[in-house]
2 protein chains.
Amino acid sequence: MTQFAAPQFVSPSAASTVLDVARLANVSASTVSRILNGNARVSPDKREAVEEAIRKLKFRPNLSARSLRSRSTKTIGILTQDLESPYFTGGTKGIEQGLLGSGYAPLVVPGHWNLAEELDRARLLISRKVDAMIILGGTLGDDHIAEMAQQQPIAVTGRHLVAANVYSFHFDQVAGGRMATEHLISLGHKRIAHITGPVTHSDAVERKEGYLQAHANARLSVDPRLIVEGDYVEEGGERAINSLLDSKVPFSAVFCANDPTLWGARLALHRRGIEVPGQISLVGFDDMPQSMYMTPPVTTVRQPMHQMGQVAAQAVLRALGLVDMESYPLPSLNLVVRETTASFDL
Amino acid sequence: MTQFAAPQFVSPSAASTVLDVARLANVSASTVSRILNGNARVSPDKREAVEEAIRKLKFRPNLSARSLRSRSTKTIGILTQDLESPYFTGGTKGIEQGLLGSGYAPLVVPGHWNLAEELDRARLLISRKVDAMIILGGTLGDDHIAEMAQQQPIAVTGRHLVAANVYSFHFDQVAGGRMATEHLISLGHKRIAHITGPVTHSDAVERKEGYLQAHANARLSVDPRLIVEGDYVEEGGERAINSLLDSKVPFSAVFCANDPTLWGARLALHRRGIEVPGQISLVGFDDMPQSMYMTPPVTTVRQPMHQMGQVAAQAVLRALGLVDMESYPLPSLNLVVRETTASFDL
DNA sequence: ATTGGCTGTGAAATCGATTTCATGATTTTT
DNA sequence: AAAAATCATGAAATCGATTTCACAGCCAAT
């Protein structure tokens, strides 16, 4: 990598203020402010002069000052978990899109699945006086969220929480797990393994519950040796498949708790020369963008995080009094069948 | 999806201020401020009382007020392009890590590869009085950046820019293109196709230049029919491979201008039953996280965006006067050979 | 002609913290 | 023991915008 450093430090040129503008335009600061906000009548000639001065001075209002006085930062805080994971970036992008044109800007901070850090970041957002907050998943307690909602409206995804000033949205993870498993069952699979997510994630245990329910509904027994714990990332999927294979317990399909788990599993299978879906069928969860371009493209339960983000953005906007906006439909989970699953014939 | 709305709106409970704390602790606001910032001696008993009051009132300082007075927001603005693309999220995460423990928080805004939008977002960051700015790629003109650098230090990646108060970092894209192509040539390939990026991206044209140079160095002629334009996303890769194959011009390897292009190409090849790397070798560019888990894992030129982000963060931190921090090594491009390339034997 | 209602404008108050300044108390120095 | 230096602290000024308030000028209604 090549680096080019600045020759020397230059002290920042002082930014101009309303007062500078006022002086140049021969009006008072109040008039400048009125023109900036367009909420009062001002004579056309003064308006002209002020606009000219603003242009000349390249004036940009100081948002700290503005929000100190007007108690609105026009900012929505987003507490996400991982800045890199497609699951969260999908949601973030949806929020950003939902906010588009509303005049509100997103402020994104990562919590890293760590309670202390999440709490700290959330408080940072409150300190910054965000007008509303959107929490994507995470491990914050319901009581914490309810308490923070006293300061500003909060939309939260991935949980069901009834409290004043909070709007919660979530997908039915049990139903998702059921869907994935039922698809496999309908293809004739009888010995279906499951690589779970971390037991600390409630959605992981719900997906497993769905896997169990699907078996019960079909009056199929589940072999506990076929359930192995993963960690929601690729390595866990590889490890799990290898231990499954090494245990010699037979199975013809695997329901992976999320897509990265499936990717890891798929690579391990490839390394061992086992064909997908020829010998083993695979179903994932999340439908992350890359899943569509795997070889072969993966069958997975789609979580429309993008739309979820839009809906969450919309909810807080509405809570802030912006009612005149197009309404996005509430999305739901759905199975997208691609090519990692095939019917099982004895 | 299930939605749960708040029963009714509750007016936010007023946040407490230094004055509230001061009153409760029987001291002046100045004393509270001194304790908050720890920059002056205060008697232990008052400190105790104030800390108690802070806890009791759940006091959090208003950052708008603080930054208005102290002229520092403790925030670094990050202008990225796409909140979802691994290339940018890698850099963002690196920055976040580089900022860790410095007391500065990142504020991320997306520019969407659109000049007007980038300019608008950059101005937003300036309005918010970020202490420094990091620009990841994008289409802003050098002059714009130099001008904005008068307000605060700026680190910019993906270009070479010498100006006061700006720090620029970039990888040598020509060398990267050369590396990828030389690898293929060293494996015995003679007819190497190239799927380019958009001609509007300077790094795309530089990568192509590297491809050309590698051929020249090896005294190999390049068949212009083997160079086809892509768009840096999967669809373009698919399209390009199909048109290449349909043209019947023979080739045994493809240098794809970035990893998503390769993913698209790889899928198209799979659909046509062509084996990778058995029949066609593929080299990508970027080493995005998923590339490692494709089937087979992809050979690609690694751009360590993560480290680039760390270095950029470090540069601005240093510009802001934080000199006492561990120094990350400057990363460089390197070829990571995995399994989409094989030697070509007639 | 007088009262009443608008309208455009500037002066001053305000938001909540930090920082400067002044002061009285305490400690150190000579 | 007197002078000097240091310390802890509160009052007041300050950051840059918005907002309230007061008022002068103007038009219309009585």
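Chain A is the first sequence line, chain B the second, and so forth, proteins listed ahead of strands; every chain is numbered from 1.
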Donor/acceptor link under 3.5 angstrom from Arg47(A) side chain onto base of dG8(C): no

Test: Glu96(B) and Lys93(B) ion pair at under 4.0 Å: no

Indicate, with a heavy-atom threshold strictly under 4.0 Å, whether [X] touches base, sugar-phosphate, or nothing.
| X | value |
| --- | --- |
| Arg71(B) | sugar-phosphate |
| Thr17(A) | sugar-phosphate |
| Val42(B) | sugar-phosphate |
| Ser33(B) | base |
| Val27(B) | sugar-phosphate |
| Ser43(B) | sugar-phosphate |

I want to confirm an ordering. Mapping Val32(B) and Arg69(A) to their closest nucleotides on DNA chain C, which one lands closer to the 5' end? Arg69(A)

Would you indicate whether the side-chain heavy atoms of Leu140(B) and Met148(B) approach each other to under 4.5 Å? yes

Pro153(B) and Leu320(B), any side-chain heavy atoms less than 4.5 Å apart: yes

Shortest non-hydrogen contact between Glu118(A) and Thr139(A), atoms and distance: OE2-OG1, 2.6 Å

Look at the aromatic rings of Phe88(B) and Trp113(B) and report parallel, tilted or perpendicular, splitting at 30° and 60°. perpendicular

Cut-off 3.5 Å, side chains only: do Arg128(A) and Thr75(B) have a donor facing an acceptor? yes

Mapping Arg34(B) and Ala65(B) onto DNA chain D by nearest heavy atom, which one lands closer to the 5' end? Arg34(B)

Below 4.0 Å from chain A heavy atoms, what is the first contacting nucleotide of DNA chain D and what is the last? dG16(D) to dT20(D)

